[in-house]
Amino acid sequence: MANPRVIVVGGGLAGLMATIRVAEMGVPVDVFSIVPVKRSHSVCAQGGINAAKNLKGEGDSTWKHFDDTIFGGDFLANQPPVKDMAEAAPGIIDMLDRMGVMFNRTSEGLLDFRLFGGTLYHRTAFAGATTGQQLLYALDEQVRRFEAEGKVRKFEHWEFLSAVLDSSHACRGICAMDLHSMEVHAFPADAVIIATGGIGAIFGKSTNSVTCTGSAQGALYQQGAYYANGEFVQVHPTAIPGEDKLRLMSESARGEGGRVWVPRDGKKWYFLEEWYPKYGNLVPRDIATRAIHKVVYEMGLGVEGHPAVYLDLTEIDPKVLDLKLGGILEIYEKFVGVDPRQQPMKVFPGMHYTMGGLWVDYRHMTNLPGLLAAGECEYQYHGANRLGANALLSCIFAGRVSGATAVEYLRNVSNGADAVPSSVFDQEKLRQQELNEKVLEGKGGENPYTIWREMGQWMTEHVTVIRYNEKLKKCDEKMVELLERSRRINLSDQSRWSNQTLAFTRELSNMLQLARVITQGALARNESRGAHYKPEYPDRDDQNWLKTTKAFFAPDVDEPRFVYEPVDTSLIPLRERKY
Amino acid sequence: MADSKTVEIRIKRQLTPDGPSRRETFRVPLRPGLNIIGALMMIAENPVTAEGRQTVPVSYDANCLEEVCGSCAMVINGKVHMACSALIERLDQPIRLEPMSRFPVVRDLQVDRSRLFRDLQRVKAWIPIDGTYDLGPGPRMSQREQEAAYHFARCISCGSCLEVCPQYNDQTQFVGAAVLGQVRLFNSHPTGQMNAPERLEALLGPGGIHECGYAQNCVEICPKDIPLTQAISEVGGQVMRHVLLGFLRK
Ligand SMILES: Cc1cc2nc3c(=O)[nH]c(=O)nc-3n(C[C@H](O)[C@H](O)[C@H](O)COP(=O)(O)OP(=O)(O)OC[C@H]3O[C@@H](n4cnc5c(N)ncnc54)[C@H](O)[C@@H]3O)c2cc1C
Ligand code: FES
C-alpha cells in the first residue's frame, strides 16, 4: 500500500503507548482524543504499577504475580496473555524509568516498591501518590518528540463517533467530530486502535473522569464488535462521596499502613483485620467492598449516622505520609477540608473500574479485522476482579502489543485503505451527520442530563455490589424506557460551535446501550465470581459459568444477544478463592 | 427546588471566538461540598437565567474533577483558579466567572491553550531515549534528587502561571514559567542532561528566559505549589553559563 497509516483513538496510557510503538516501527500515527492527551483520565491513577522486580528480598517472581492476578480475578481471565503481561512487567518499569518517571527511591537510589491489595509482596512501583500522572506525562513527552519529528499528528478536542467498515466488515478508518466546529469527518487508516478507557459515567457518579463514558465502545458494539464480560464492574472500597464525583482514596493508603474501622460499642472495630487476618486491610477490592456493605447496611454501623467507614492514617509518621501519599492527602484536604494526618478519613465504596470491555484476541484484534483495542476499554487481563496497580500495567502492555499487531496487520493485508472506494467513507460520514441533525432537531421535552442521572442512579443501585435477578430485570426495563425517552430529547442548545450538549446526547444513547449489556450479562450469570455477587447464587459455579460472556448487538430487536466462550485455564489449576 | 439556599453566579459568555461577550446571571441551589464545576453541571441541566430567561448551557473544559488534569482553570472572582477545586462555600458571593484572558476564547469559559503544548515542543521537554525495547534499568537517583525533581514533574499544564504573568500575552512569544519548570526538570535528569544545551539554545531566542520580568506572580498562584521562581533562577544560570562557554570556545 502507498502510505500506510494507523489511527489511535484515545491518548491515555494505552493509546499513547500504542502510538509510540507504531511510530517506533516506522508507521505514521494519527491520535484522536476528546481532551488534550496530557489531560486524559490516566492522570488520576494514584497508587502505583505492579512488577515483580523482587528488590526487597522477599522471593517474589513473575509467576507469583501471574498467580495473584489469576486468583484475584477468580479464574475468569484467559491465562496465557496474563502470564505474558506479568513477565513483561519488570521490563516495562525499566522503560518508564528510562523515560524519566520520578519513581520513589530507596536509600541506595534504587526503585522503591510498596504493598498493594491481593498480594503479600512489595510489588508496586510508585511516584508519590500521583503515579498515573507521572506515567502519562512520560509517554506524552515521548509522543511529543515523535510529533516534533512529524511522525505523529494529534487531533485533540475530537470525538470518535464510529468505525468506517467496508463490505466485508473490515475496519478502514473512523468518523470523528471536531468538538469545536462540530463538523464530522471521515479519516482513512489501515488499522485502528481503540484506547478510550473506562465507562464510569454509565453509573452516574464514579471515581472516573468526565470523559469516561464508554461511548466509543458502545458505538462499536452497535457496529458489530463483541463486548466481553460487561457484567464485571469493580466498586472500590474507599472513595470520598461527593456532589459531582466520587473521589478515590487509593489502596496505597492501606498499603502504607492505613487501617479501616467503624465505631462499635464505643470502640474502634477493625473488621477487615478481624475477618481476614492474613491480608487484613489489603484484601482484594471486591471483598473489602462487600465487607463494608455488610458492616454498614446489614449490621447498621457507620459513621455519625452516615453510610461510611473510617480510613485511618493518623498512626503513621506525617513525614512518611507526605513523601509517599502527598497527592491523595492533598485531595482529601482540598475537597473535604480536613487534614487526614490528624483525623481519620470518611470513605465509602464507589464505582471505579470495568473489567469488561471490547472483546479482543491475544494480539488485541477485535472480531472486526483491522480494529484493535487496548487498555481499560478491552477485557483481557483482569478476569472477574482487577488487582490494584495492575491496570496501569495492563494499559501499557496492551498498548505495546496492539501497536505491534497493528503494524503486522497492515503489512500483511492485501489492499490498504487507499484502495477503498471513497463512497465507503462518504456513506458513514453521512450517517453520522444525519444522527447529529436528528439530535439537533429533536422535539419532545426530554433532557439528556436528567436521563443520564436516572441511568446512573439505577445502575448504581442495582448493578454494582449486590445483584438480584428481579431487580436486574427491572433495571433493564428502565434502560429500555430511558432509551425510548432519549429519542425524544430536545436540546437547549442548537448552535453549531462547541456544543457540549450535542456531544453529550450522542454519548448518552451509546451509554444506555452498554448499560443493557452490563445489566443483561449480570442477569444471565447465575453464580457469584469476583466482583459479580448474587446472594441467590452465592458460590462460584465452574461447571456452568467458567466462561467469557460475549455480547453482540442484534439491530433488528435493538438488544444484546449473548454467546459464551471457554476460558483458557491451561497454566494454573482452578482452586477456591479464599483470602 | 425545595432547597431554599441558593448562590448567584455571574458568567461572562461569548458564544464564538470572535463574537461579542455578555454576562448572564444564574442561581443554583447551594449543596455542601459543591464546587464550580458542579454548579455548571446544574446550569447545563436547567439553562435558565436568574431572570427566568431560557439560555444555552455554558461551555467549559473539565475532566478529572480532582485537580490533576489541568483542564478547568478559569478566572473566579477576579483570580485564576481550578474550577473543580473551587468550593462554592469558600467563595465570596455573587460569584463571578470569566475565561482566562491570556489565551484565545473558544466559547464561554473554554480557552485554547495549545500554545503551551507547542512551547513544550520548542524546548524539547522529553528524555531522548533510544527506544522502548528492553535496555535494562534507568539511571540511579538519590532520594533527594527524586524529591526535588518530583515537584516539577507535577505540573498539570493548567496555565495559571501564564494567566498572572505580565510578560505572557499575544504580543510576546515568552514561554512562561510552566515551560521553564520543565526545562529545569529535564536538564537535571541524568539522561535529560545530555541534551540540555539544545533546551538552553531554544531559550536564547525570542520568547526566551530573558523576557521574564521576575514579577514572581507565577509561584504565588501555582495550584501545585511548584517552586517556579527557583526553576527560573536555576535555568537562568544555566543559560548564562551556556552562553559564556559558547563564547569562550569561539
Ligand atoms: C481515581 C483512579 C485511580 C486509579 N489508580 C490506579 C492505580 O494506582 N494503579 C492502577 O494500575 N490503576 C489505577 N486506576 C485505573 C487506571 O487509571 C485506568 O484503568 C487507566 O488509566 C485507563 O487508561 P486508558 O489508557 O485505558 O484510558 P484513559 O486514560 O481513560 O484514556 C482514555 C482516552 O480516550 C479518549 N477518549 C475517550 N472516548 C473518546 C472518544 N469517543 N473519541 C476520542 N477520544 C476518546 C480520552 O480523551 C482519553 O484520551 C485508577 C483509576 C481511577 C479512576
Ligand atoms: S477538572 Fe481536572 S483539574 Fe479540574
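Letters go in sequence order (proteins before strands), and every chain restarts at 1. Heavy atoms only: backbone and side chains are in, while hydrogens, waters and symmetry mates are out.
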Given that the side chain runs from C-beta out, which part of B:Ala153 has a heavy atom under 4.5 Å from chain A: side chain, backbone, both or neither?
both
Using heavy-atom distances under 4.5 Å, tell me whether A:Thr501 contacts chain B through its side chain, its backbone, both, or neither.
side chain
Given heavy-atom pairs under 4.5 angstrom as the criterion, report whether the side chain, backbone, both or neither of A:Glu330 touches chain B.
side chain
Would you mind checking which part of B:Arg144 comes under 4.5 Å of any heavy atom in chain A, side chain (CB onward), backbone (N, CA, C, O), both or neither?
neither
With a sphere of 6.0 Å drawn around CZ of B:Arg22, does it hold more than 12 non-hydrogen atoms of other residues, nucleotides or ligands?
yes
Side chain, backbone, both or neither: which part of B:Pro128 has a non-hydrogen atom closer than 4.5 Å to chain A?
both
Scan side-chain atoms only and decide if B:Thr55 and B:Glu24 contain a donor-acceptor pair under the 3.5 Å cut-off.
yes
Between A:Leu491 and chain B, which part of the residue has a heavy atom less than 4.5 Å away: side chain, backbone, both or neither?
neither
Select one option (side chain, backbone, both, neither) describing which atoms of B:Phe186 are under 4.5 Å from chain A's heavy atoms.
side chain
Contacting region of A:Glu149 [heavy-atom separation from chain B under 4.5 Å]
neither
Okay, B:Asn35 and chain A: the region with an atom under 4.5 Å from a heavy atom over there is side chain
So which part of B:Met41 gets closer than 4.5 Å to some heavy atom of chain A, the side chain, the backbone, both or neither?
side chain
Would a distance-only check, ignoring hydrogens and angles, find a side-chain to backbone donor-acceptor pair under 3.5 Å from B:Ser21 to B:Arg13?
no
For A:Glu141, is it the side chain, the backbone, both or neither that has a heavy atom under 4.5 Å from a heavy atom of chain B?
both
By a 4.5 Å heavy-atom criterion (distance strictly below it), what part of B:Pro47 contacts chain A: side chain, backbone, both, or neither?
side chain
Kindly compute the distance separating CD (B:Glu201) from NZ (B:Lys124), expressed to the nearest 0.5 Å.
10.5 Å
With a 4.5 angstrom heavy-atom cut-off, which part of B:Arg118 approaches chain A: side chain, backbone, both or neither?
neither
Turns out that what part of B:Leu87 lies under 4.5 Å from chain A's heavy atoms comes down to side chain
Testing the basics here: between B:His189 and A:Asp97, what is the closest heavy-atom pair and its distance to 0.1 Å?
NE2-O, 4.3 Å
Is it the side chain or the backbone of A:Tyr137 that comes within 4.5 Å of chain B heavy atoms, both, or neither?
side chain
Could you tell me which portion of B:Glu145 (side chain, backbone, both or neither) has an atom closer than 4.5 angstrom to a non-hydrogen atom of chain A?
neither
Okay, A:Pro36 and chain B: the region with an atom under 4.5 Å from a heavy atom over there is side chain
With a 4.5 angstrom heavy-atom cut-off, could you sort out which part of A:Thr106 is near chain B: side chain, backbone, both or neither?
backbone
Measuring heavy-atom distances to chain A, does B:Leu185 have an atom under 4.5 Å in its side chain, in its backbone, in both, or in neither?
side chain
Atom group of B:Ser142 that falls short of 4.5 Å from chain A, counting heavy atoms:
backbone
Okay, A:Asp112 and chain B: the region with an atom under 4.5 Å from a heavy atom over there is neither
Going by atom types alone, do B:Glu234 and B:Gln230 pair a side-chain donor with an acceptor below 3.5 Å?
yes
Of the backbone (N, CA, C, O) and the side chain (C-beta and beyond), which part of A:Ser498 lies under 4.5 Å from a heavy atom of chain B, both, or neither?
both
Would you give the length of the straight line joining atom CD1 of B:Ile88 to atom CD1 of B:Ile37, rounded to the nearest 0.5 angstrom?
10.0 Å
Run the ring-centre check on A:Tyr449 versus A:Phe504 and record whether the distance is less than 6.0 Å.
yes
A:Val101 to A:Ala138 - nearest heavy-atom pair and separation
CG2-CB, 3.5 Å
